[in-house]
Peer 1: 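Have a look at this one.
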There are 2 protein chains.
Amino acid sequence: MPYARPNRNGPTIKDIAAALGVSHVTVSRALNDSPLVTEETKKRLREAAASMGYIPDAAAKQLRGGRSNIVGFILPDVENHFFSAIARVIAETLAASGMQLVLSISEDDPDLELRHVRSLCEARPKGIIITPVVNMHRETADLLANIPCKQLVRRHPLVESDVIVSEDKTATRLAAQRLIDLGHRHIAYIGNGSETLSTGADRAEGFYQAVWAAPEVKATIKLGPPGPGHGYETAIELLTDPKRPTAIVLGSALFTIGTLQAIRETGLEVPRDISLIGYDDPDWFKVWGAGITTVALPIREMAMMAASLVGESALEPALEPAITSIDGTSCKRLTFPVNLVQRGSDRQFRDRNQEV
Amino acid sequence: MPYARPNRNGPTIKDIAAALGVSHVTVSRALNDSPLVTEETKKRLREAAASMGYIPDAAAKQLRGGRSNIVGFILPDVENHFFSAIARVIAETLAASGMQLVLSISEDDPDLELRHVRSLCEARPKGIIITPVVNMHRETADLLANIPCKQLVRRHPLVESDVIVSEDKTATRLAAQRLIDLGHRHIAYIGNGSETLSTGADRAEGFYQAVWAAPEVKATIKLGPPGPGHGYETAIELLTDPKRPTAIVLGSALFTIGTLQAIRETGLEVPRDISLIGYDDPDWFKVWGAGITTVALPIREMAMMAASLVGESALEPALEPAITSIDGTSCKRLTFPVNLVQRGSDRQFRDRNQEV
DNA sequence: TTTCAAAATGTTCACGTGTACCTTTGACCC
DNA sequence: GGGTCAAAGGTACACGTGAACATTTTGAAA
């Protein structure tokens, strides 16, 4: 014997076969419920398998049969509630069809993203769901081209795949419009800016749309890198300006904490001194002050859609996305509606000078 | 030809070998940097592999060589910041050693937990990190016994494995003690109660310890299921009592939102009417009101330790755990220190009647 | 040149599973 | 009784990789 079985301590189908004096093929058939085996034999073999503690080997199955039963989800950051909520739904949906979720965190770093994609490709996953990084490497996109892939939340032009997004333009437009309706005449937008990704551009554009339509409104737009630091610094800068805005729209959940921190440090109060409309809807928005008004995204529906599409499982569209095709490709864009949740962080503008 | 290669579109080492007129073994050796191949040949073969777009097959490697390079993490809930923060660090640590993280969400359901463990076992993972469910099935524990396994955050007695926990007793004791020192004479504890899990019992006991040592203090203890609903309902019940407590200690991050909701609905204010000490330290604790005083856990250190242990990688103990052995087994318990972060949600008790 | 070890490469096989194809058995029909 | 056919099971092999063992080539000492 050249070497002992390296990867096993439990029995294989051959062991079961030997123990019962049948061929390993019969065991395989019995366990896979093939019609080629008598019910009685099936029962006998299954009982033996169970009592011997047989556990099938996913690697062998995969080697023989095709792709594995894993799906990769590559996302920038799990600590962000927005993404952890998505991850949860994806994991649930996949588990329901017996698939497994490999979670890869890119930290918005193209190098790390590439490493994760490489790693995933080696596992021959059933599919990959990705929220792409701003400066994705071309090699990353090339690798993804060979695998069933869906882009979620963000879209990168190098990747040819279906895209599942929310109505980003509408989201910021609704937020800005509401503040305009409340009488605010100087509104700021803090978002992440990136020409290569859909998200940043769309959200900024939605904000513009509302503001352009109201020439009496002054707008300040601050785009920056998609990290939490940007929120704080930008907000400090905005709020210490003597001509500071009276309302802020956040273009990303990441900036909320930083902005709130800045508001407190500058001695201001929400909504008395400044109105605020957030993005996404983590639990604590409900209990912060009188509640934070925000644009809520249909996370559950988007994530389920993504998971169902890569997992080829049935799908219950609780919410109907708008389906459009992407210019020049055969890919589809599924856009899910958003809605503005009104709470206590925004209110009618009152001029501080007039009040005194 | 009986059937075409079912699981491949890219080239294998045999294809590369054929293209360059060498044996597939030479290719394998070159790609694995074996000393048995000339540097020059290595270079030639590697370049060919790269240009042909070769991607190794993890399943074949695993089948031949032993275990896979995946590590499973079974946790009750990723949306909970506490766990998503842990998942993040585990994923990072594993990725640094080229391993992959399979995320399985048990939702505190023993059946689901068992299914996940079964699924993971089929993948022959390098190890499993688990935060066990209260009523774990015996079969789950049996399966885990055959795999390198570490319990994280919670310990279930059926599972014989090393355990990585925080000083749960100290945590609640510190919190209660602080409130006593601030002059509070009626303190409530809202936690999750379960005899089979270490966490619930330990945290309750820590609270007891502080309270017992101060006979003048009245304590109300409310244990319930580890879900967010418990927090709200219990808090409502506590706060609508005419003899309501003047301070609350939370025994789990899950209960914070519900408790804050209840406080607002009953028209009370933190810290004027009621002091509050939380558990864990999500970002928003810093910006809620004047900040939420809380017991912060060394999440990063605990998660890194768990990941390093199952991944057999080097380990940098930024924080030194206390190591004790577990009665009757050869397993170790690694206990990490906690610390009380003082913010604005607790303050000196003032009797409302005397003030008037 | 011969010899012989060391270096470089090749041949074979096993890992666990499932599929294509072959063999045996026995029931049924004319 | 020979023939047909279906049921039930077996044999052989492939999937991609790497370890063990075999073979060839190299190069230097004798």
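Chain A is the first sequence line, chain B the second, and so forth, proteins listed ahead of strands; every chain is numbered from 1. What's counted below: heavy atoms across the whole structure, side chains too, no hydrogens, waters or symmetry copies. Note that this is a predicted model, so its numbers are computed, not measured.
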Peer 1: Have a look at B:Val25 and say if it touches a base, only the backbone sugar-phosphate, or nothing, with a 4.0 Å heavy-atom cut-off.
Peer 2: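 The answer is base, as B:Val25 lies within the cut-off (heavy atoms under 4.0 Å) of a base atom.
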Peer 1: What residues form a side chain to side chain contact (heavy atoms under 4.5 Å, CB included) with A:Thr38, not counting sequence neighbours?
Peer 2: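 A:Glu40, A:Thr41.
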Peer 1: So if I take every side-chain heavy atom of A:Arg29 and compare against D:dG10, C:dG10, D:dG18, which nucleotide ends up nearest?
Peer 2: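 Of D:dG10, C:dG10, D:dG18, D:dG10 is nearest to the side chain of A:Arg29.
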Peer 1: Compute whether any side-chain donor of one residue and acceptor of the other, for A:Gln151 and A:Ser161, lie under 3.5 angstrom apart.
Peer 2: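 Short answer, yes.
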Peer 1: Within this structure, what is the NZ-CG distance for the pair A:Lys42 and A:Asn32, rounded to the nearest 0.5 Å?
Peer 2: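 CG of A:Asn32 is found 10.0 Å from NZ of A:Lys42.
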Peer 1: Write down the distance between CG (A:Asn69) and P (C:dT17), rounded to a whole number of angstrom.
Peer 2: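 About 15 Å, once rounded to whole Å.
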Peer 1: Considering only C:dG16, D:dT17, C:dT9, which nucleotide approaches the side chain of A:Leu63 most closely?
Peer 2: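 Within the option list, the nearest is C:dG16.
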Peer 1: Whole angstroms only, please: what is the NZ-C1' distance between A:Lys61 and D:dA14?
Peer 2: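 So the two atoms are 18 Å apart, to the nearest Å.
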Peer 1: Are any non-hydrogen side-chain atoms of B:Asp33 and B:Arg46 less than 4.5 angstrom apart?
Peer 2: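 In contact.
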Peer 1: Any donor-acceptor pair under 3.5 Å joining the side chain of A:His24 to the base of C:dG18?
Peer 2: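 Check passes, donor-acceptor contact within cut-off.
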Peer 1: Picking from D:dT17, C:dT11, C:dG16, which would you name as closest to the side chain of B:Ser23?
Peer 2: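 Of all the options, the side chain of B:Ser23 is nearest to C:dT11.
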Peer 1: Measure CG/B:Asn32 against C1'/C:dA8 and give the value in whole Å, please.
Peer 2: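 Between C1' of C:dA8 and CG of B:Asn32: 17 Å.
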Peer 1: What nucleotide among C:dT17, D:dG10, C:dG10 has an atom nearest to a side-chain atom of B:Thr26?
Peer 2: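 It is C:dG10.
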Peer 1: How close or far is atom C1' of D:dC15 from atom NZ of B:Lys14, stated in whole angstroms?
Peer 2: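 Atom-to-atom, B:Lys14 to D:dC15, this comes out as 8 Å.
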Peer 1: How far apart are the closest heavy atoms of B:Lys332 and B:Ile326, and which atoms are they?
Peer 2: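 Taking B:Lys332 first and B:Ile326 second, the nearest heavy atoms are O-CD1, 3.9 Å.
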Peer 1: Any idea which heavy atoms bring A:Lys61 and A:Pro56 closest together, and the distance?
Peer 2: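 Minimum heavy-atom separation between A:Lys61 and A:Pro56: NZ-CB, 3.6 Å.
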Peer 1: Measure from CG on B:Asp15 to P on D:dC15 and round the result to the nearest Å.
Peer 2: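 From B:Asp15 CG to D:dC15 P: 10 Å.
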Peer 1: Measuring to OP1 and OP2 of D:dG18, would you say a side-chain N or O of B:Ser28 lies under 4.0 angstrom away?
Peer 2: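 It does, given that an N or O in the side chain of B:Ser28 lies less than 4.0 Å from OP1 or OP2 of D:dG18.
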Peer 1: Hey, can you pull the donor-acceptor pairs under 3.5 Å for the side chains in residues 114-121 of chain A, sequence neighbours left out?
Peer 2:
residue	atom	partner	partner atom	Å
A:His116	NE2	A:Ile105	O	3.0
A:Arg118	NE	A:Glu139	OE2	3.3
A:Arg118	NH2	A:Glu139	OE1	3.3
A:Arg118	NH2	A:Glu139	OE2	3.1

Peer 1: Classify the side chain of A:Arg124 and the base of D:dG16 as holding, or not holding, a donor-acceptor pair under 3.5 Å.
Peer 2: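 Side chain to base: no pair below 3.5 Å.
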Peer 1: Salt bridge or not for B:Glu92 and B:Arg88, using N-O below 4.0 Å?
Peer 2: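 Counted as a salt bridge, because a side-chain N and a carboxylate O are separated by less than 4.0 Å.
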Peer 1: Which residues within residues 38-49 of chain A lie with some heavy atom under 4.0 Å of an atom in DNA chain C?
Peer 2: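 Per residue number, the list is empty: none.
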Peer 1: In this structure, how many angstroms lie between the C1' atom of D:dG9 and the CG atom of A:Leu20, rounded?
Peer 2: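 In whole Å, D:dG9 C1' lies 14 Å from A:Leu20 CG.
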Peer 1: Can you give me the bend angle of the helix from C:dT1-D:dA30 to C:dC30-D:dG1? Use the axis through the first five pairs and the one through the last five, nearest 10 degrees.
Peer 2: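 Its terminal axes enclose an angle near 60°.
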Peer 1: Just to verify, what does A:Asp142 make a side chain to side chain contact (heavy atoms under 4.5 Å, CB included) with, not counting sequence neighbours?
Peer 2: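 With sequence neighbours excluded, A:Asp142 shows a side chain to side chain contact (heavy atoms under 4.5 Å, CB included) to A:Arg138, given in chain and number order.
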Peer 1: Can you identify which nucleotide, out of C:dC15, D:dG9, C:dT9, has its nearest atom closest to the B:Val37 side chain?
Peer 2: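 Between C:dC15, D:dG9, C:dT9, the one nearest the side chain of B:Val37 would be C:dT9.
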Peer 1: Rounded to whole angstroms, how far apart are CD on B:Glu122 and P on C:dG16?
Peer 2: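 The answer, rounded to whole Å, is 15 Å.
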Peer 1: Let me check something: any side-chain donor-acceptor pairs from residues 21-30 of chain B under 3.5 Å, sequence neighbours excluded? List them with distances.
Peer 2:
residue	atom	partner	partner atom	Å
B:Ser23	OG	B:Val25	N	3.0

Peer 1: B:Met52 CE to D:dG16 P: how many Å, rounded?
Peer 2: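 Value for this atom pair: 13 Å.
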